[in-house]
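To start, the structure under review is shown below, and the notes come after it.
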Amino acid sequence: MKTHKSLGIVLLVAAIVAAVPIGGAVQVQAQGAPQGAPQPGQMAGAQQVEGKVAALDPSGKMLTLEDGTQLMIPAGAQLPPDVKEGSIIRASFEEHAGQKVLTGVAVQKP
């Protein structure tokens, strides 16, 4: 089952790369577009949140932002080393069974 675990890591890395703005591009909500509509460069069905990391679950399964948003970290996935308590992040996630499952994360530089 090593292939299954590797595939999960590859998918997470691809999602992270897709979530990082290239060349200073800024995503803007188009007028008249419904709230929560996918933005350019965002995966269909994915939502985004930005905030300061308040806590990282020691088991590596959950990341909590200061506003109380909890993001589940998929099994076998690892966060980039610069994601730690106090970091400002932009994360993309999908909701599954009422849980926000992390699909990508990028640390925002001050």
Side-chain angles (χ1 to χ4, degrees):
M1 288 283 114
K2 186 174 183 168
T3 303
H4 184 264
K5 185 175 182 180
S6 297
L7 178 60
I9 293 170
V10 168
L11 290 175
L12 181 62
V13 169
I16 292 169
V17 170
V20 175
I22 298 173
V26 178
Q27 294 182 353
V28 179
Q29 178 76 28
Q31 288 185 341
Q35 289 286 7
Q39 298 295 313
Q42 185 178 1
M43 294 180 358
Q47 299 176 48
Q48 287 194 339
V49 64
E50 189 170 324
K52 184 183 271 189
V53 177
L56 288 168
D57 180 2
S59 69
K61 295 181 182 180
M62 190 72 64
L63 178 149
T64 305
L65 300 178
E66 277 190 339
D67 68 359
T69 301
Q70 292 187 319
L71 300 167
M72 187 177 91
I73 301 167
Q78 291 194 8
L79 295 174
D82 53 348
V83 175
K84 54 190 173 216
E85 290 181 12
S87 299
I88 305 290
I89 64 164
R90 176 176 292 175
S92 56
F93 64 91
E94 292 182 353
E95 290 203 33
H96 296 282
Q99 291 188 321
K100 294 176 172 88
V101 180
L102 193 63
T103 57
V105 64
V107 174
Q108 300 297 299
K109 303 298 180 197

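All heavy atoms count here, side chains included; hydrogens, waters and symmetry mates do not. For clarity, every value in this text was computed on a predicted model and none was experimentally measured.
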Does anything in [range] form a salt bridge (Lys or Arg N to Asp or Glu O under 4.0 Å)? List the pairs, not counting sequence neighbours.
range          : value
residues 67-81 : none
residues 55-66 : none
residues 72-81 : none
residues 45-55 : Glu50-Arg90

Nearest-0.5 Å distance that lies between atom CG in Leu71 and atom NZ in Lys100: 7.5 Å
Is there a continuous path of hydrophobic side-chain contacts, each under 4.5 Å between heavy atoms, that joins [X] to [Y]?
X      : Y      : result
Phe93  : Val107 : yes
Leu102 : Leu65  : yes
Val49  : Val105 : yes

Side-chain donor or acceptor of Thr103 paired with backbone N/O of Ser92 under 3.5 Å: yes
Side-chain touch Met72/Gln70, heavy atoms, less than 4.5 angstrom: no
Val53 and Thr64: CA distance, side-chain angles, deciding distance, side chain to side chain contact (heavy atoms under 4.5 Å, CB included) verdict: CA-CA 6 Å; Val53 177; Thr64 305; over 6 Å; no
For residues 79-87, please give each side-chain donor-acceptor pair under 3.5 Å, one per line with the distance, not counting sequence neighbours.
unit_1, atom_1, unit_2, atom_2, d
Ser87, OG, Asp82, O, 3.0
Ser87, OG, Lys84, N, 3.1
Ser87, OG, Lys84, O, 3.0

Check against side chain to side chain contact (heavy atoms under 4.5 Å, CB included), Met62 and Ile73: CA-CA 5 Å; Met62 190 72 64; Ile73 301 167; 5.9 Å; no
Results of salt bridge (Lys or Arg N to Asp or Glu O under 4.0 Å) for Glu95 - residues two or more places apart only: none
